[in-house]
Protein chains: 2
Amino acid sequence: MNNETLKGHLDFLLLSILANGAAHGYAVIESLRQRSGGHFDLPEGTIYPALHRLEEQGLLKSRWDETAPRRRKVYSLTAKGQQSLSKRQAEWLAFSKAINATAGI
Amino acid sequence: MNNETLKGHLDFLLLSILANGAAHGYAVIESLRQRSGGHFDLPEGTIYPALHRLEEQGLLKSRWDETAPRRRKVYSLTAKGQQSLSKRQAEWLAFSKAINATAGI
DNA sequence: CTTGACACCTAGCAATACTAGGTATAAACT
DNA sequence: AGTTTATACCTAGTATTGCTAGGTGTCAAG
């Protein structure tokens, strides 16, 4: 909720969302909310800078969709982004396993 | 590893460790390493400030053990800490579930 | 014609794990 | 005897990052 638990995991979520197909920022927010069952209801000030970061790192690429009624910046995974996603998924599984083991769950 | 994935989850781990019995800081580091299967090999500069923070918040209490060959500051859970642990465990379960759902795992 | 949903953006804040340094004792090795 | 290693504590400063709080603009609905 209002704590810092998401830190370091947001990029993984964004890459996961975009692995299911290109999407613009606002739609990413909506997907995050729906697919997490309402758990991840994140403000724009969180998502947009994160998308910019990932693009700057070469994990995402974007294009402006001018055909839509409103201007939209559509993001999609690069090959490097796909690679990073696989790596991050493995890291997440190891991380959550380690937490569970440590916490005795 | 070297990323920020631990952020916001360390307190939960520390409370979990100390729920199994009082321990001093150096032993907590050792427990974290062992119980996580080597995944959490955390530097002292991470653990000591975190323990101080938790004590300041009233989740831990400490006493100096002078009987040991070297001086040791032994931490144990308070009632408030026990409560917080239960809450954090539920939050962790919800969080990891939400991540898995979002990532499609 | 104003409210709300859509759709983008950024400067600064707050929190936190970590780096890099420090002190000190006991055991083990050379 | 002297040096290294493991034990055991500490803190000032750094870097990253999610978020707050503001801003701009379009379009549909009331």
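Order of the sequence lines sets the chain letters (A, B, ...), proteins ahead of strands, with each chain counted from 1.
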Tell me the closest heavy-atom pair linking Lys73(B) and Ser62(B), and the distance in Å.
CE-OG, 3.5 Å

Length of the [atom1]-[atom2] vector between [X] and [N], whole Å:
X        : N       : atom1 : atom2 : value
Glu56(A) : dT17(D) : CD    : C1'   : 14 Å
Glu4(A)  : dA14(C) : CD    : P     : 12 Å
Ile47(A) : dG18(D) : CD1   : C1'   : 10 Å
Leu6(A)  : dA17(C) : CG    : P     : 14 Å
Ile99(B) : dG18(D) : CD1   : C1'   : 13 Å
Asp41(B) : dA17(C) : CG    : C1'   : 14 Å
Asp11(B) : dT16(C) : CG    : C1'   : 9 Å
Phe40(A) : dC19(D) : CZ    : P     : 10 Å

Could you give the distance from CD (Gln82(B)) to CG (Leu18(B)), rounded to the nearest 0.5 Å?
11.0 Å

From Ile47(A) atom CD1 to Leu32(A) atom CG, the distance as rounded to the nearest 0.5 Å:
5.5 Å

Please check the phosphate of dG18(D) (OP1 and OP2 only) for any side-chain N or O of Arg53(A) closer than 4.0 Å.
yes

What I want to find out is whether Glu30(A) reaches Arg33(A) closely enough, with some N-O distance under 4.0 Å, to be called a salt bridge.
yes

Check whether any side-chain heavy atom of Leu14(B) sits under 4.5 Å from a side-chain heavy atom of Tyr75(B), and report yes or no.
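Heavy-atom side-chain distance check fails, nothing below 4.5 Å.
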
Leu42(A) side-chain proximity, nearest of dC19(D), dA17(C), dT16(C)
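Between dC19(D), dA17(C), dT16(C), the one nearest the side chain of Leu42(A) would be dC19(D).
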
Looking at dT16(C), does its base get a donor-acceptor pair with the side chain of Lys7(A) below 3.5 Å?
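Counting by modelled atom types and ignoring angles, no donor-acceptor contact under 3.5 Å is found here.
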
With clusters defined by side-chain heavy atoms of hydrophobic residues (ILVMFWY) lying less than 4.5 Å apart, directly or transitively, does Phe95(A) cluster with Ile105(A)?
yes

Indicate whether any N or O donor in one side chain lies under 3.5 Å from an N or O acceptor in the other, for Arg35(B) and Ser31(B).
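Checked: Arg35(B)/Ser31(B) side chains show no N/O donor-acceptor pair below 3.5 Å.
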
How does protein reach along nucleotides 5-11 of chain D, written 5' to 3' as B (base within reach of a heavy atom under 4.0 Å), S (only sugar-phosphate), or - (no contact)?
--BBBBB

